[in-house]
Amino acid sequence: MKPQTHPTLPEFDYIKPESLAEASQFLALHPDEARPFLGGTDIFVRMRDGFLVPKFLVDVKHLDGTDAIRFDPLVGLTIGAAVNMNRVIASPEVQKYYPLLAEACRSVASYQLRTRATIAGNLCNASPAGDTIGACLVLDGKLQIHGTACPRLETLSEFFLGPGKTTLKPGDIVTAVSLPVPPGGSAGTYLKLGRNKLSDLSIVGVTVLGSPAPSLPSGFRFRIALSSVAPIPLIAAEAEAALAEQAITSGSIHAAACLASEASTPIDDVRGSARYRKQMVRNLTEMALNQVWQKLQRQDAGR
Amino acid sequence: MAFHEISLTVNGSLEQVRVPSNLTLMRLLRESLALTGTKNGCSAGECGACTVLLNGEPVNSCMVLAVECDGAEVITVEGLASDGQLNPVQAAMMQAGGVQCGFCTPGMLISARALLDRNPDPGEDEISEALVGNLCRCTGYIRILESIKEAAKLQATRA
Ligand SMILES: Cc1cc2nc3c(=O)[nH]c(=O)nc-3n(C[C@H](O)[C@H](O)[C@H](O)COP(=O)(O)OP(=O)(O)OC[C@H]3O[C@@H](n4cnc5c(N)ncnc54)[C@H](O)[C@@H]3O)c2cc1C
Ligand code: FES
Ligand code: FES
């Protein structure tokens, strides 16, 4: 059983650096003792539960432009690491060009938690259940990272190594999440199966983004990301490839959903058994693909 | 452990306090400033009983460090009424009978206030969605939802 959460956080020193350079340096100097944080909604819980006892918490909000959200019709969207999820949801550009991301954010916890929770924190936490990870993956997200060497860009699909494990090294600070402009005419959905309708972590999550792609045999490209069914957030590559190759029909959608289910390697836990999860991957992927396919056809008819 | 001198505005009055790094905003309010309207239900961001407005936006005060609030403006349930007049969300909550034991009420009122600030005329779904993070063990929620619809009307007539 989970230990009783305690109102008191364990002792630590709060550090508020003046610049990214200072923050990276401090973190690199204290690799095992210091951790960066944004909203704290993951890290405080783990500290209260006794799983994590950092000596220093380094506040990386308010640093050099991390608080801005910007859209450029050529480059796409840049979400500063400190931008909270409610701000992402409320952004007119996100609603217009990235409705899938807004939908994913809306499924996280509650309004008041989202005043603090960030997408960057969700990604860095690297939980296979992270609700915004699928949308960022299918939208081809990249992370802007400030470290002790030069700033760098990292592709999100190569970022996750295991539960809670990423390619980040001591001193690395994610400063922004960037998403290119989605392909024209694309449509998406995020289906989250939780123990209740709202606010719980997912038992299984399926994110689908579809877009017209005349160069492909099927004429459409589908991106599929699965959460809570493998040690890392999973891209269902075989299912995606199958949908690129054959005409989109209810049969090919069903076959792709089966491939997604086969790719998943879920575990038994308090939220659901592995067997149930595998079946739900198939059902939810089929449902999500059908929904997106219908949206794409409606858009086509409306043209 | 490090201590920090911070100043913040709580319900309109400036407070200067010395806080340890690990003190949460919730404990600062309840234990140092004696504002016990803000409740501690879970200390884990789940129940919403500790919800307050931080720079106008609702947060779980158990999930915010006091030191992060240097220079901030905080409104708790004690700060909702003004000039002896109950805030519309409070008046409507009484009228509709949305209170039983009352433990969830301060957090409910703050979430309701925040909702009406961003949308003065919310629909039923928007009200439910805004209250996802506020648990109530007593009322079954119906009267709380009713009270927020009433609060929106009351607020419109007062304006
Ligand atoms: C009650 C409750 C309900 C929740 N419900 C959901 C839910 O429904 N869905 C969901 O996906 N999550 C949920 N969460 C988890 C959490 O809220 C999210 O993962 C959130 O997005 C984390 O963001 P944060 O800014 O608070 O992260 P933080 O806690 O600040 O950080 C998370 C991790 O990332 C690291 N980190 C933070 N910032 C950086 C940076 N800039 N560079 C490098 N590393 C960094 C930290 O060291 C830490 O390990 C819930 C949490 C709570 C308490
Ligand atoms: S006490 Fe803060 S959410 Fe429950
Ligand atoms: S009235 Fe008792 S918890 Fe809501």
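In what follows, chains are A, B, ... by sequence order, proteins preceding strands, each numbered from 1. Just the heavy atoms: all of them, side chains too, but no hydrogens, waters or symmetry mates, feed the values below.
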| field | Residue pair E68(B), R116(A): steps toward the salt bridge (charged side-chain N to carboxylate O under 4.0 Å, His left out) verdict | value | CA-CA 12 Å; E68(B) 292 180 87; R116(A) 299 276 296 171; 2.9 Å; yes

| remark: Q16(B) and S7(B) have their tightest heavy-atom pair at CG-CB, 3.6 Å

| field | N-O pairing of E150(B) and K153(B) below 4.0 Å | value | yes

Measure distances from [X] to the heavy atoms of chain B and classify the residue's part below 4.5 Å as side chain, backbone, both or neither.
X      : result
D13(A) : both
F37(A) : side chain
K61(A) : side chain
F12(A) : both

| Qualifying residue, where the test is side-chain contact (heavy atoms from CB on, under 4.5 Å) with L8(B) and the options are L14(B), L54(B), V17(B) | V17(B)

